[in-house]
Student: 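Below are the structure tokens for one structure; questions will follow.
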4 protein chains.
Amino acid sequence: MTARKERILKSSLELFTENGFHGTSTYGISQHAEVSEGLIFRHFRNKEGLGKAMVEYANEQLSMLYEPILREVDAVIVVRKSLEFPFNLPQALLPYLKLRTKLEWELNLENTDHFAPLRNALINAFTTLGYYQPVQEARVVEMLIEGTLAEVLKDKLADADVLLAYFKTKYAL
Amino acid sequence: MTARKERILKSSLELFTENGFHGTSTYGISQHAEVSEGLIFRHFRNKEGLGKAMVEYANEQLSMLYEPILREVDAVIVVRKSLEFPFNLPQALLPYLKLRTKLEWELNLENTDHFAPLRNALINAFTTLGYYQPVQEARVVEMLIEGTLAEVLKDKLADADVLLAYFKTKYAL
Amino acid sequence: MTARKERILKSSLELFTENGFHGTSTYGISQHAEVSEGLIFRHFRNKEGLGKAMVEYANEQLSMLYEPILREVDAVIVVRKSLEFPFNLPQALLPYLKLRTKLEWELNLENTDHFAPLRNALINAFTTLGYYQPVQEARVVEMLIEGTLAEVLKDKLADADVLLAYFKTKYAL
Amino acid sequence: MTARKERILKSSLELFTENGFHGTSTYGISQHAEVSEGLIFRHFRNKEGLGKAMVEYANEQLSMLYEPILREVDAVIVVRKSLEFPFNLPQALLPYLKLRTKLEWELNLENTDHFAPLRNALINAFTTLGYYQPVQEARVVEMLIEGTLAEVLKDKLADADVLLAYFKTKYAL
DNA sequence: TATGAATGAGCGTTCATTCAT
DNA sequence: AATGAATGAACGCTCATTCAT
């Protein structure tokens with residue numbers, strides 16, 4: 001990957017996140033990346049190719065999102081870290097998270113179930129902890145996480161501290 | 001409101017929901033509405049005006065979304081109806097809900113807190129029911145609802161029945 | 001001539017003078033005249049018709065432009081009044097003069113020789129006054145008048161007083 | 001400046017001069033210049049930009065208009081060449097002169113005082129020649145020139161020879 | 001690999017004009 | 001006489017894309 005190709009990717013990340021896919025022109029990207037417009041097409045064939053590359057790139061970055069949780073063996077800590085997760089997002093990954101969420105809504109991306117690994121970890125944890133319906137409980141936590149995440153990505157979450165504390169008491173953490 | 005203006009609105013609803021704002025052309029709308037393209041601009045000034053009108057129109061339709069719940073006096077029923085809400089959406093309103101959600105993500109609409117009235121109703125309900133932290137509990141239900149809603153709008157919710165049942169047992173309904 | 005037709009004419013005068021023929025839209029005229037756009041076409045058939053009517057209307061108004069000079073019998077006074085003419089324009093006629101000049105340049109109007117009557121009067125005057133080449137002298141005065149007029153219509157004439165005085169001394173007035 | 005950009009400029013000169021700014025479409029220009037329409041906007045940003053570039057371009061061409069006169073040291077010759085000037089226009093510059101005059105009237109260009117250098121030269125000449133009011137005399141010549149020029153640009157000047165001869169006798173040339 | 005001039009389809013928009021009322 | 005909803009062609013302009021260098 002050459003330096004300019006990377007600059008194109010970085011600029012696309014920024015501009016797609018800000019203005020969406022259709023709201024961003026290849027000319028705009030080239031300007032922002034200080035690169036000739038033609039180069040975008042040499043590297044990505046067309047705009048759609050750039051979009052796909054962007055999403056793949058973002059997914060790669062995000063692939064290790066839950067990794068610290070998945071490595072965890074203690075069931076209680078798995079639950080706690082899961083609940084803390086949307087409140088404590090790795091700053092470096094936030095742009096990629098925003099991009100993926102935005103593009104999933106704008107384009108109708110066939111959304112792979114990104115949450116699956118974490119959900120499985122939660123199911124295991126709740127099974128270990130003796131929950132009566134661990135699968136459903138995992139889903140409940142999933143909803144809490146994704147609901148919180150949505151607010152975070154929109155910069156709308158005002159009561160982060162008190163909310164997280166309450167989440168924890170709910171699960172006796 | 002003339003018949004053709006209404007047809008433009010209906011077509012916009014459909015096409016914006018399907019392909020997003022930037023992904024929909026005014027020509028496409030005029031074709032779909034069987035109307036001259038110029039008429040769109042006579043009625044809405046420009047595409048942005050049409051977008052705003054659409055969002056307002058959708059918001060009007062959606063304003064009565066929670067109304068049956070808000071009228072409810074029995075605290076238990078308020079909670080139950082709230083939890084049932086995303087599983088039991090009024091079919092007529094679903095398109096408007098999809099549109100609003102999609103456009104909120106694509107364009108960066110400063111999103112008014114649509115959930116506020118329902119949240120307040122839930123706070124009251126949980127207060128009545130003697131919950132220790134009714135405000136936070138309302139937020140938890142909000143997350144459950146919005147998380148579920150997001151999956152519904154993306155046609156991703158596979159375990160609706162079992163999930164709703166579990167929600168209810170959680171709140172002893 | 002109905003009141004509204006007259007309002008259309010007045011608005012056209014103003015807007016054509018300000019922004020030219022092509023720079024003025026029939027919609028703009030209808031707004032300015034507080035009249036429905038359709039009415040313009042009922043009265044003038046099409047925009048070109050309105051343009052022609054405007055020019056005719058202006059020409060009618062301007063037909064009496066030189067009239068006070070033409071009535072004059074004293075040769076000296078004819079010359080003096082002629083030279084004073086662009087410095088002392090009838091305010092009511094100024095807009096029509098601006099319009100005609102502007103449209104003559106914008107559209108390539110086959111320009112009737114508006115100046116002819118005054119030129120003839122000047123020829124007579126200079127003949128009476130014993131000028132050696134009265135026709136050419138009339139042409140010189142014509143140039144002085146039209147040159148001055150052009151500056152007046154563009155609001156560019158800064159040295160009006162001193163210039164008129166000099167003109168007069170030249171012709172011993 | 002690429003060849004195509006120059007072709008756009010040349011075509012604009014021709015078409016603007018013929019039909020005015022608003023009367024000329026960018027599509028028409030592109031056809032005439034045998035160039036894609038988009039190229040106009042790549043080079044000039046928008047139609048207004050093209051208009052401004054045209055006027056500047058014309059002004060550049062016209063900047064050397066009076067240059068042969070300004071170089072002249074003999075006062076008599078300055079006056080003679082000045083009077084001859086509108087009768088003896090460099091054919092290559094005529095289109096630019098037409099364009100500038102036309103656009104100054106159609107658009108309301110704040111018209112820089114193009115005549116200033118020549119006027120100053122005339123003032124000097126008349127001073128040298130011992131005229132009592134050289135400034136005003138220069139203004140008189142200016143009016144003669146601009147009046148004649150206007151007729152020339154409109155192809156209205158029928159008595160060129162006799163008129164020029166008379167001008168010369170007036171100034172004893 | 002990288003540029004930048006150039007393209008042409010299509011976009012949002014304006015405009016003169018028509019027509020039912 | 002007068003309105004105002006509606007049209008469709010054309011306009012200025014943007015955009016993804018190509019290609020010679």
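What you see is a predicted model; the values in this text were computed from it and never measured. Every chain is numbered from 1, with letters handed out A, B, ... down the list of sequences.
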Student: Using only heavy-atom distances, determine whether the side chains of B:R4 and B:H43 contain a donor-acceptor pair under 3.5 Å.
Tutor: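 B:R4 vs B:H43: no donor-acceptor pair found between side chains.
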
Student: Does a donor on one side chain and an acceptor on the other come within less than 3.5 Å for A:H32 and A:R7?
Tutor: no

Student: Does one side chain, of B:N19 or B:K102, offer a donor that lies under 3.5 Å from an acceptor on the other?
Tutor: no

Student: I want to check one thing: is the phosphate of F:dA2, taken as OP1 and OP2, less than 4.0 Å away from some side-chain N or O of C:R42?
Tutor: no

Student: Taking 4.0 Å as the cut-off, does a side-chain nitrogen or oxygen of C:T26 come that near to OP1 or OP2 on E:dT17?
Tutor: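 For C:T26, the contact criterion (side-chain N or O under 4.0 Å from OP1 or OP2 of E:dT17) is not met.
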
Student: Does F:dT7 have OP1 or OP2 under 4.0 Å away from a side-chain N or O of B:R4?
Tutor: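 Yes.
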
Student: C:L39 CG to E:dA16 P: how many Å, rounded?
Tutor: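 Roughly 16 Å, once rounded to whole Å.
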
Student: Give the rounded distance in Å between these two atoms: CZ of D:F41 and P of E:dG12.
Tutor: 16 Å

Student: Indicate the ring-plane relationship of B:Y57 and B:Y96, choosing parallel, tilted or perpendicular according to the 30° and 60° boundaries.
Tutor: perpendicular

Student: Just to confirm, is there a sub-4.0 Å distance from OP1 or OP2 of F:dT14 to any side-chain nitrogen or oxygen of A:S25?
Tutor: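 Answer is no, no contact under 4.0 Å.
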
Student: Rounding to an integer number of Å, can you tell me how far B:Y27 OH sits from F:dG8 C1'?
Tutor: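 Atom OH in B:Y27 sits about 11 Å away from atom C1' in F:dG8.
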
Student: Using whole Å, report how far CD of D:E37 lies from P of E:dA9.
Tutor: 12 Å

Student: How long is the line joining CZ of C:F21 and C1' of E:dA16, in whole Å?
Tutor: 10 Å

Student: By nearest nucleotide on DNA chain E, pick out whichever of B:E48 and C:K47 is the more 5' one.
Tutor: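 By nearest-heavy-atom nucleotide position, the 5'-most residue is B:E48.
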
Student: Is the distance from OP1 or OP2 of F:dC15 to the nearest side-chain N or O of A:H22 less than 4.0 Å?
Tutor: no

Student: From the set F:dA2, E:dA16, F:dC13, return the single nucleotide nearest to any side-chain atom of C:T2.
Tutor: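 Within the option list, the nearest is F:dA2.
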
Student: Given E:dA2, F:dT7, F:dT14, which nucleotide is nearest the side-chain atoms of B:S36?
Tutor: F:dT7

Student: Taking CZ from C:F44 and C1' from E:dA16, how many angstroms apart are they, rounded to a whole number?
Tutor: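 In whole Å, E:dA16 C1' lies 15 Å from C:F44 CZ.
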
Student: Look at the side chain of B:N46 and decide which nucleotide, out of F:dC13, E:dT13, F:dT3, has an atom nearest to it.
Tutor: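 My answer, after comparing the listed nucleotides, is E:dT13.
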
Student: Salt bridge or not between D:E48 and D:K52? Use side-chain N to carboxylate O under 4.0 Å.
Tutor: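 So D:E48 pairs with D:K52 through a salt bridge.
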
Student: In Watson-Crick or G-U wobble terms, both distances under 3.5 Å, what is the partner of E:dA16?
Tutor: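 Pairing partner: F:dT7.
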
Student: Atom CD1 of C:I40 and atom P of F:dT3: how far apart are they, to the nearest Å?
Tutor: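 Those two atoms, CD1 and P, are 10 Å apart.
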
Student: Rounding to a whole Å, what distance do you find between A:I8:CD1 and F:dA16:P?
Tutor: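 Those two atoms, CD1 and P, are 14 Å apart.
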
